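What you see below is based on every heavy atom in this structure, not just the backbone, and it leaves out hydrogens, waters and symmetry mates. All values reported here derive from a predicted model rather than from experimental measurement.
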Amino acid sequence: MIGELLAGLLAVLGAGLGLAIGHFWGRLQGKREGRKEAERDAHEETLGKLEAGRKAVRDGRDLDPAERLRRNDGAW
C-alpha cells in the first residue's frame, strides 16, 4: 500500500519535473532562435544598405566631375 503510494508520488513528481525542464528548455531555444533571426535580419539590412550605397556611387560616376560637384555642393 505505501509502496504503491510512493511509486505514484514519484511518478507525479517525475512528470512535473519533466514538464518544468521541457518548458525551460523550450524557452531557451525560443530566445536563441529569436536572437539568430534578429542577427539575420540585421545582416540582410546591412547588405541592402551596402548595395544601395554602391548603386549610388555607380550612378554618380556617370556624371562629369563638374556636375557631381554641383550635386554634392548642397549636401555639405
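To the nearest 0.5 Å, atoms CG (L6) and CG (L13) are separated by 10.5 Å.
Every pair passing side chain to side chain donor-acceptor pair (under 3.5 Å) that includes a residue from residues 38-53 is listed here, sequence neighbours excluded: E45-K49. Residue pairs meeting the side chain to side chain donor-acceptor pair (under 3.5 Å) criterion with at least one member in residues 16-26, sequence neighbours excluded, are W25-Q29.
Taking K31 as the reference, nothing meets the salt bridge (charged side-chain N to carboxylate O under 4.0 Å, His left out) condition, with sequence neighbours excluded.
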